[in-house]
Novice: 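One structure coming up, written as structure tokens, with questions to follow.
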Amino acid sequence: MLFFLNDGIQTNMSGIEHAQIQRLHLFEHVHQPAKIVTRQYSNELHMVTNNAGIADENFINMFDYFQEARLVPQQDVTIKDLQIDRHWKRKADGINYNYYRGQKRLLYVRRRNDDKKRIINVQYFDHFGKLLKVSWYDNRGFISVEHLYDWQGKITTENYYTPTGKLALQVATQTDKRGKEKKSYHLFAFHGHDYQFAGFNELTSFFLDQLVTDHDICEDGPVGFIVDRVFENGWSVLHMRHRVPRYMQLHNDHVNNNDDILHSTLNFNYEWGLNHITDWDGVITLTPQQQDDVKARYGKTGVAIFRVPGPIVTSDVLKQPRIPFAKRHKHEVVTVARLSPEKQQEHLIAAWPQVLKAVPDAQLNLWGYANDNYDQKLRKQVKDLALESSVHFKGYTTNVADVDNHAQLMALPSRVEGLPLTLVEAQAHGLPAIANDIKYGPSDVIIDGQDGLLTKNGDIDGLAKAIISLLSDQQRLAQMSTNAYEDCKRYSEANVMKLWQKIIDNMKEKEGK
């Protein structure tokens, strides 16, 4: 059993989550036991995972585990299921309701905007109008956690319940003499014992120790970890009492300066893990170039350095009918990536006036959610350049295939990458791409001049010329589309699984010892 460790999964997923899910489906396909593991709580978690195609039996969340709520049948709790005094006055607030006794509000019922108007939470107020407690309903239909508030409106206690209403876990928040909040975690009657933990990482270590010794979940055979979020989970994994094979996955560039791979400061996401490299059984890189660079810096430690690409082109995708190039939206350029400084969408926008001068009907669609309101900077840039009629912010999409099937060209002007999932997805749908020739990834996907073009990072004029050269030569672009369909086969399930098998064999060897 291989557990893929993450911190949490949200509706707007990053490339890491998409890579995890693709990997999970690959392992399902070849009957290799694996599960995704997260540790953050969300009352909508299973709504998110189910929509993402993650089956409950192949997913474990720490709170679910302690709350005995891994596999819970769906129940629809609506307002008629609440016990509310019929003498209280009800006042609508959109789809939600306030309840009053006289002039004093006692309850606020928040409902989900779906066809059944299921309950999200119930908020309780004292006779001064202060919030006392909020009861949150898991989307599967039971009170999962209750938040208790102090007079200043801060949460002091979080009580997490099983679906049967038994208190399983309590989080207490206190303020020390310096005014800093401290949280303590209490497990009640877990396998007949109570436990207390000073921090979230300690609780996570305990959870992982329980997980690897839970035969009902692990079944027979070796057990290991693929740690996809090292910054969040690394400490907990390395402080477990039970030692199992553990592998640190690099999803991005591991250094901050690629001109000095031997001495550069490390990417903060991997700094702690790489500074404790000898405590790992292996490091997984995404590309041959990154594998060589990690070996150059850490090879003498004796820790195995593997390479496995994150993107996977499934057999179903390879079998899909190819989109005739003539049916694509002429002169449509797309980028599918987080709106974030390292993705450098501002370079693409800056190049766009040159593109429009040569190809007046060109359209640029930016797909992806924004980090730290970065979209506001990009929107201002678009407005300042008067590009509103040709540059569009499309938001996050769960149907990337539809985007790739309709556009004529993908552009990704990033300054740093791991192995861009978006480029492999584009290639698998016959979409030629332009990307900067940086470490790591674009040159491993794009075969320059065959299925796309590689550009120099920071060269906005060069980026504009590359886009113009392809949009202006529809015959060449059509041939690149044909080539892309073929070139994506390098990332087929069979090819990627061969690389994963090396890690599985290593895990079995480590477990045997």
Novice: Please, which pairs that meet ring-ring contact (aromatic ring centres under 6.0 Å, His included) have at least one residue in residues 383-412, sequence neighbours excluded?
Specialist: His329-His406, Tyr369-Tyr396
Novice: Can you label the angle between the Tyr160 ring and the Phe63 ring as parallel, tilted or perpendicular, going by 30° and 60°?
Specialist: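 Tilted: the ring planes of Tyr160 and Phe63 meet at 30° to 60°.
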Novice: Only counting residues at least two apart or in another chain, list the ones meeting salt bridge (charged side-chain N to carboxylate O under 4.0 Å, His left out) with Asp7.
Specialist: Arg39
Novice: Do we see a donor-acceptor contact under 3.5 Å between the side chains of Gln479 and Asn483?
Specialist: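 Note: Gln479 and Asn483 side chains meet the donor-acceptor criterion.
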Novice: Could you tell me how the ring of Phe306 sits relative to the ring of Tyr247: parallel (under 30°), tilted (30 to 60°) or perpendicular (over 60°)?
Specialist: perpendicular
Novice: Among pairs that include at least one residue of residues 413-423, which meet side chain to side chain donor-acceptor pair (under 3.5 Å), considering only residues two or more places apart or in two chains?
Specialist: Lys343-Glu417, Ser414-Glu417
Novice: Taking only residues two or more places apart in sequence, or in another chain, which ones meet Asp259 in a side chain to side chain donor-acceptor pair (under 3.5 Å)?
Specialist: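 Asp259 satisfies side chain to side chain donor-acceptor pair (under 3.5 Å) with no residue once adjacent residues are dropped.
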Novice: Do the side chains of Arg322 and Glu486 get close enough for a salt bridge, i.e. N-O under 4.0 angstrom?
Specialist: yes
Novice: In terms of side-chain geometry, is the basic nitrogen of Lys330 or Asp361 positioned less than 4.0 Å from the acidic oxygen of its partner?
Specialist: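 No.
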Novice: Any side chain to side chain donor-acceptor pair (under 3.5 Å) pairs touching residues 274-287, not counting sequence neighbours?
Specialist: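 Listed once each, the pairs are Arg243-Asp281.
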Novice: Are the side chain of Thr38 and the backbone N or O of Gln40 linked by a donor-acceptor pair below 3.5 Å?
Specialist: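 Pair absent, no side-chain N/O of Thr38 close to backbone of Gln40.
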Novice: According to the ring-ring contact (aromatic ring centres under 6.0 Å, His included) rule, which pairs have a member within residues 468-503, sequence neighbours left out?
Specialist: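 As it turns out, the ring-ring contact (aromatic ring centres under 6.0 Å, His included) pairs with a partner in residues 468-503, which skip direct neighbours, are Phe27-Trp500.
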